[in-house]
Amino acid sequence: MDKDRQLQERVFINDIDSFSSKCIAKCLAKHSLECDGSAEKECRTLKLNDSGSRSYRVVGTISDGSEDDRPYVLEAYIRPSREKILQKLMECDVIVYNITQHPEQVDEARWAVTALHDKINDFGQPKKFILISTVMTWACSEPINSDDLELPFTDDDFRRRKAHPNFEKHLELEKMVTKVGKMTITSALGFGKIQRKTFEEAFLQQDLSIMDIDLLHVNLCMEGVHLKELFTIHWLCEFGLVENIELVVEEYRQIRGLLPIRACVLGPPAVGKSTVSRQICDYYKLHHVRLNETISETISHLEYMMRHTFSDPENDDSATATEAQELLSIINDNMEQNGVISLPLGYLDDQMLVKVMMDKLISNPCKNQGFVLDGFPKTYEQAKELFHVDEHESDERTPISLSNKKIMPEFVFILDASDSLLKDRVMNLPEKLVQEHKYEQEHFLQILAKYREKNMEEESVVNYLEELDINPLLIEITSISIPDNQLLMHTICERVGKPRNYAQNNEKIQKEGMMLIETTVKAEREQKELEEARQRSAHWEMWTKTLEEKRQWEVQQLEVLSVQMKTYLTEHIITTLSLGLIACGSAWPEDPIDFMAEYLIKNNP
């Protein structure tokens, strides 16, 4: 990894044209080494030799664009919208918000903290948020007196500070920024993201009784002195919630039935594994685990640990950073040996792939909320390494006891389709997706043939899962139309069952489930009506064709009979009858019928 990039940090500062923000920007700019032209090589050498310094790239907002010369600022944004500000904040490593100048800065800083916290799942790496507040949040604090001397306030007194009445919002914002990131329970259960509810909203929760709400309002600090003296009691969580958070979380999950759903979707290339996996994750609120994204995430995390540990002299966590550096070197060497120098990834040895995927699956979000493994494992050996642990870690000897229960999938869905359908699907994919997945015709046929060959072997992923008493559900894909996809999701939902999310979301989830079922039933009905209409149209066309053929045959038969009749009449009747009519017309008899009868009798051939 290039140390030039390793020691650079992108810093956002609001209102750079104000006095204090400008001073901060200029101070940070002094630590940045400018490189241009012939000095570039020398500059890079200085950076590599001075591993304890950092280079800051300062960006920020300004309210007036009259001053064009700002050499200490890389980018300046003139009165940007909040959407643009959020976009720029997501690109920065450090965000500095100065609220000492104008009251409007407080509202903008509060919005920035909230918006960034809502986007925390999209962070490629953690960010630092620095709030520069005013001394007026201490203005009404009681002075500290000792021996008739007034002692100065220190950092240890910050919890008892009282703000000037006009700066209460500043104090609230300070507390808000301090509390963000220190959410023990939510961090143990997931990403640390919480949703604040007012008391009025709490009373409207159907799952909370009045007693539950009263219990939530209590804030007591108690110690069982007499219990300790009189009884010998085994305390389950004697040292409090924070020290025993893992035990409390496990108990909470078991009592509430918040058991994670672990699923795995397998199948040949281009069968639609990622699409189905995303739909399962959206419905059950699970985490979508893909191989390439997990490797990229792991590399980004390791690079971040190295950059922010080695570049910070006050950081004592050097052992972790050294371990991260070793692991990153192993991954890079592994990729180079396999001929991979850029994304997409995935060309690592099985041992490294399994380690990266296992670290992802045992993380708090996947462990507590569940996941969907997309297209992994691919071989019997990978499945055995991922779901199997050493025999001495369990007293039992069954295959289930030897598997890693924390990450072993409960549900396995194997999608399959004919080779012709897969080829047609690849041909209809956008060119960008074809290049991204390397689905060019020759390469796609090779990986498809390789997949078919692996699944014909005695030791395959499906066989290993069956050894663990996991019965995969085989789903045959016959088309890529929307109704068929909805029917597929209906089949999967019937197999998995109801969502296991929080109780307050059950009503919403049930509604979503009913909507999905109604949509599926409607799609089935429309498909059935379409099939019936197609059959009626085919029957009508066949009936019409049969009638037309019969009519043509009757016409032909009539034509044959008419020819014979014409010949007979011409030979035996028409000639004599014509002569009789001529004679009748010449004679003008009083009774022409009697005349013709006598004529025909006399002149009968």
Quiz item: Is a salt bridge present between Arg10 and Glu75, judged by a nitrogen-to-oxygen distance below 4.0 Å?
Solution: yes
Quiz prompt | Over all atoms of both residues, closest heavy-atom pair of Thr137 and Leu171 | solution = CG2-N, 3.7 Å
Quiz item: Can you find a heavy atom in the side chain of Thr100 that is under 4.5 Å from one in the side chain of Ser133?
Solution: no
Quiz item: Val249 versus Asn368: any side-chain heavy-atom pair under 4.5 Å?
Solution: yes
Quiz item: Between Asp374 and His288, which heavy-atom pair has the shortest distance, and what is it?
Solution: OD2-NE2, 3.0 Å
Exercise. Starting at CD1 of Ile16, measure out to SG of Cys23 and round the result to the nearest 0.5 Å.
Key: 12.0 Å
Quiz item: Hey, is the main chain of His102 close enough, under 3.5 Å, to the side chain of Gln105 for a donor-acceptor pair?
Solution: yes
Practice problem: For Ser18 and Ser21, test the side chains for any donor-to-acceptor distance below 3.5 angstrom and give the result as yes or no. | Solution: yes
Quiz item: How long is the span from the CZ atom in Arg57 to the CG atom in Asp93, to the nearest 0.5 Å?
Solution: 9.5 Å
Practice problem: Would you please test Lys360 and Glu297 for salt bridge (Lys or Arg N to Asp or Glu O under 4.0 Å) and show each step? | Solution: CA-CA 9 Å; Lys360 175 68 174 179; Glu297 179 183 330; 3.3 Å; yes
Quiz prompt | Nearest-0.5 Å distance that lies between atom CD1 in Ile261 and atom NZ in Lys285 | solution = 11.0 Å
Practice problem: Taking atom types as modelled, find out whether Gln125 and His301 have a side-chain donor-acceptor pair closer than 3.5 angstrom. | Solution: no
Quiz prompt | Check: Ser63 main-chain N/O paired with Asp17 side-chain donor or acceptor under 3.5 Å | solution = yes
Exercise. Determine yes or no for a side-chain-to-main-chain donor-acceptor pair under 3.5 angstrom, with Ser141 supplying the side chain and Lys162 the backbone.
Key: yes
Self-check item: Any side-chain heavy-atom pair of Val11 and Ile95 under 4.5 Å
Solution: no
Quiz item: So do the side chains of Thr61 and Arg79 get within less than 4.5 Å of each other, counting heavy atoms only?
Solution: no
Quiz prompt | Between Asp15 and Gln101, a side-chain donor and acceptor under 3.5 Å | solution = no
Quiz item: Between atom CG of Leu286 and atom CZ of Phe371, what is the distance when rounded to the nearest 0.5 Å?
Solution: 9.5 Å
Quiz item: What closest approach, in Å, do Trp111 and Ile85 show between heavy atoms, and which atom pair accounts for it?
Solution: CZ3-CG2, 3.8 Å
Quiz item: Are the side chains of Leu328 and Ile299 in touch, meaning some heavy atoms are under 4.5 Å apart?
Solution: yes
Quiz item: Would you call Lys355 and Glu385 a salt bridge, using N to O less than 4.0 angstrom?
Solution: no
Quiz item: Is the side chain of Gln382 donor-acceptor paired with the backbone N or O of Lys378 at a distance under 3.5 Å, no angle test?
Solution: yes
Quiz item: Does the side chain of Asn332 reach to within under 4.5 Å of the side chain of Ser329, using non-hydrogen atoms?
Solution: no
Exercise. Could you tell me whether Phe153 atom CZ has more than 12 heavy atoms of other residues or ligands within 6.0 Å of it?
Key: yes
Quiz item: Would a distance-only check, ignoring hydrogens and angles, find a side-chain to backbone donor-acceptor pair under 3.5 Å from Lys127 to Cys92?
Solution: yes
Exercise. With the side chain counted from C-beta on, respond yes when Val372 and His287 share a heavy-atom pair under 4.5 Å apart, and no when they do not.
Key: no
Practice problem: Compare all side-chain heavy atoms of Ile407 with those of Ile362 and state whether any distance is below 4.5 angstrom. | Solution: yes
